[in-house]
Amino acid sequence: MRPDDPFDDAVTARAVIAADGTLTQWSEGARLLLGHRPEEVVGHPAAELLADSEGPLPLPEDRWSGTLVLRHRDGGRVSVWVLAHHRQPSGDGPGEWLAVTPLEATDYDLPDDPLVRKAVFQSPCATMVFDQALRLRGVNDAMARLLGLPADHLRGLRPTDIGGCPQHGELERQLRHVLHTGRPHDMQTHMKARAESHAHAWLARLAPLTDRSGRVRGVCVTAHDFTEQFRARERLQLVNEASSRIGTTLDVTRTAQELADVCVPALADFVSVELLEPEEGGGEASGRLSPPVSLRRVAQQSLAHDTATDSTPVGELTVYPENSPQADSLATGHSIVASVPSGDLDSWLSQDETQARRIERFGVHAILSVPLQARGTTLGVAAFARFSQPEAFTHDDVLLAEEVTARAAVCIDNARRYSRERETTLTLQRSLLPRSLPRTAALEAATRYLPAARSGVGGDWFDVIPLSGMRVAMVVGDVVGHGIQASATMGRLRTAVRTLADIDLAPDELLTHLDDLVLHLSEEAGGGDSGPGEVGATCLYAVYDPVSRRCTLSRAGHPPPVLIPPHGSAHHLELPSGPPLGLGGLPFESAEFELADDSVLAFYTDGLVTSRERDAGQGEALLLEALSGAAGPLDETCDRVLNSVLVPGGAADDVALLLARLRGLPSSQVATWDIPADPALVAPIRKQVLDQLAAWELTDASFTAELVVSELVTNAIRYGAPPIRLRLIHDAATLICEVSDTNHTAPHLRRAKTWDEGGRGLLLVAQLTQRWGTRHTTEGKTIWAELVLADME
């Protein structure tokens, strides 16, 4: 025994009984009362001390008090009042019982002060007084009713002897502190009166009692019921907690789960959140709904694990008939409280045997159903159930549930609106991106696009554009901002890039025209009055020529691409930075690189490498590491890059990634002739072309190719300027005829009149070829025409 918790005293008889009914401790007071020495009774069944029973001792589950007739050692019978309560030992085990009874002892009196006695025993509050040895010396009627014990039998007991309150051990420690310091102390406790079904919150005031000399002779404990204040504070705390914990994300399921988590166990033992199915056409329900109603469970939380596992699974659709709390609350538009013992649910449960079995199994006795409504829209219902809390739902509980669910309903509505708008924007974004990449002989490409996880869909885009002469353009861009406006701007810029690419502008010239377009878009968006910058974007544009194996790149404020050589480490290409699009007035520069076959170029937007958790430098290092092994399939490389570089939880900004493995065109598939400016030599040139097509085994295309070459060469000799060059390029599906000269004037298609001798050449070329066009070079221009070999078969 601890010295501050004496078991063997002569003031109170104490005995400890094990779970099997065996006596394990016997105090000196118990020996004085019944005459038995400890060695005579310890280890024996406690029931042997009963004078009139030969069966086992009936031990209480919590606390019991009453009069027992016990057997004295000398054979007599002793009738005593006994208080027994169950207590859990410090370690694991079934626990034990402490049985006590006070003896007639008055050795420890309080100060004989009439004012003190009047304050103690005539106080309207529940009051009790302990002496210096922490023995109970006085209890008024209010305290006796609270303890549920007779006041005339409690004299001499200690706080731990009384039981019935989980904080009696703490009370004894605080009593010792007041005796030692002489200063009053306040403590809070929860205690259920014996005549009531629910616990009350009590504020206990521990005040020292002193004699005339100022010496502390005892402690007065006065209990004040502040249950209403405590519950009001709990309600306010729950509302504050709900405002901070509900709606942390714009995710419907997560928000509904946060509502359920906040309310268990503070308001109910089980909470489920069920939402109405969206109506056809995307509409939502408003006003009252007539039963039966279909609700899909999106979240639930339970105080007992088996309740959650045996209830309706999350994601399941349930039809609630009339007279069910869920259907009635949606039909009436306000909260419904139902009590199982009163039969409020009999009509519903008679139609739903599954729900009836669940309610009976878990002992649910009260259900509260609150409709989820926000901005005039009915979203669903939140159901609260109690089975371990014995109290029914009160009016204050209903108000609290309505307050919390109202906050949650707004958050759920925000999440649904955001999800709907995000899906609309994402659909628009994906519709503006290429559905598939064109197949070209110059490269093999793979792409990935990921919308932002938190900030919404943005304006990132990518594209692969076939150009004349087997060349191909690659572009990646990023529009500033998020949402539908950014996606629409992205679509306009992507269309502009394709249009400018079709006229074969050099990369730096293309970005200059694109910069002008962004300036115009900014003025349309209202940036004209406050200066440019309302609309902004970055862009990287590259053109790869598989014949020369050279790639020309230019960027406008965009991250430089990463080059992965076939036998080398990944590194960034050094490009002139260039200003972002939309600033205006600043030049763009380009750089040209000769790249080996099977080199991989990686284009990306900054959402891939930047995040709140790390700076761009760390992201760039991870990207280079992930791209180091790009020798395998590009789709696998794309997945590896996203998994390695992106932070857990998704990117904070949109991510666009384009990988291109470059393939040069073999020289055997290219033929070039320098043409003298003599019309008489056109016939020999046609013959050389036919011979070359025969060597390539493309004789099926000979007739069309001969006509096209004849027309283009004749026009170049007649209207162009020397030197003139003819080039033929082919792959498995395409034959391209190109004629270059140093005259910058481009031909145009026209329709000849009936008696005109000329003007039909380009019309003939346009009819015979898949497409044709002109591209300007620094030396002049090139007229080209493309024939699809599949059409020649």
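Everything numeric here is computed off the predicted structure, so don't read it as measured data.
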Check: Considering residues, nucleotides and ligands other than Gln237, do more than 12 of their heavy atoms fall under 6.0 Å from its CD?
Finding: no
Margin query: Using the ring-ring contact (aromatic ring centres under 6.0 Å, His included) criterion, which residues pair with Trp81? Sequence neighbours excluded.
Written below: His153
Next item on the list: Provide the full list of salt bridge (Lys or Arg N to Asp or Glu O under 4.0 Å) pairs with a residue in residues 248-260, sequence neighbours left out, each pair given once.
Entry: Arg254-Glu258
Check: Under 6.0 Å from the CD atom of Glu353, do we count more than 12 heavy atoms belonging to anything else shown?
Finding: no
Next item on the list: Taking salt bridge (Lys or Arg N to Asp or Glu O under 4.0 Å) as the test, write out the residues that go with Arg205, two or more places apart.
Entry: Asp186
Check: Going from CG on Leu83 to OG1 on Thr101, what distance comes out if it is rounded to the nearest 0.5 angstrom?
Finding: 9.0 Å
Item checked: Interatomic spacing from OG1 in Thr253 to CD1 in Ile412 - rounded to 0.5 Å -> 9.5 Å
Margin query: Given 3.5 Å as the limit, does a donor-acceptor pair link the side chain of Arg158 with the main chain of Ala133, or not?
Written below: yes
Check: Any salt bridge (Lys or Arg N to Asp or Glu O under 4.0 Å) pairs touching residues 324-341, not counting sequence neighbours?
Finding: none
Check: Which atoms form the tightest heavy-atom contact between Ser335 and Pro371, and what is the distance?
Finding: N-CD, 4.0 Å
Note to self: Using every non-hydrogen atom in the two residues, find where Pro325 and Ser369 come nearest and quote the distance to one decimal.
What the structure shows: O-OG, 3.3 Å
Check: Closest heavy-atom contact between His36 and Arg31?
Finding: O-CG, 3.2 Å
Checklist line | Test salt bridge (Lys or Arg N to Asp or Glu O under 4.0 Å) applied to Asp131 and Arg155, Arg137, Arg217, the passing residue | finding: Arg137
Check: Distance only, no hydrogens: is a donor on one side chain within 3.5 Å (strictly under) of an acceptor on the other, for Thr394 and Asp397?
Finding: yes
Check: Who passes ring-ring contact (aromatic ring centres under 6.0 Å, His included) against His86, sequence neighbours left out?
Finding: Trp97
Margin query: How long is the straight-line distance from CG of Leu275 back to OG of Ser294, given to the nearest 0.5 Å?
Written below: 13.0 Å
Next item on the list: Please report the closest heavy-atom contact between Ala409 and Ala374, naming both atoms and the distance.
Entry: O-CB, 3.6 Å
Note to self: Please report the interatomic distance CD(Glu274) to CD(Glu316), rounded to the nearest 0.5 Å.
What the structure shows: 9.5 Å
Checklist line | Under 3.5 Å donor-acceptor, Arg14 side chain and Leu98 backbone | finding: no
Next item on the list: Of all the heavy-atom pairs spanning Phe384 and Leu267, show the shortest one and how long it is.
Entry: CE2-CD2, 3.9 Å
Item checked: side-chain contact (heavy atoms from CB on, under 4.5 Å) between Cys220 and Thr127, intermediate numbers included -> CA-CA 7 Å; Cys220 175; Thr127 306; 3.6 Å; yes
Check: Would one find more than 12 heavy atoms of other residues, nucleotides or ligands at under 6.0 Å from atom CZ of Arg183?
Finding: no
Checklist line | Distance, nearest 0.5 Å, that separates CG of Leu157 from CD1 of Ile162 | finding: 6.0 Å
Item checked: Shortest non-hydrogen contact from Phe387 toward Phe362 -> CB-O, 3.2 Å
Next item on the list: For the pair Arg357 and Glu360, find out whether any cationic side-chain nitrogen is under 4.0 Å from an anionic carboxylate oxygen.
Entry: no
Checklist line | Nearest-0.5 Å distance that lies between atom CZ in Arg407 and atom CD1 in Ile246 | finding: 9.0 Å
Notebook entry, point to check: Do Thr12 and Arg135 get their side chains close enough for a donor-acceptor pair, meaning under 3.5 Å?
Noted result: no
Next item on the list: Could you pull out all residues at least two apart from Asp396 that satisfy salt bridge (Lys or Arg N to Asp or Glu O under 4.0 Å)?
Entry: Arg235
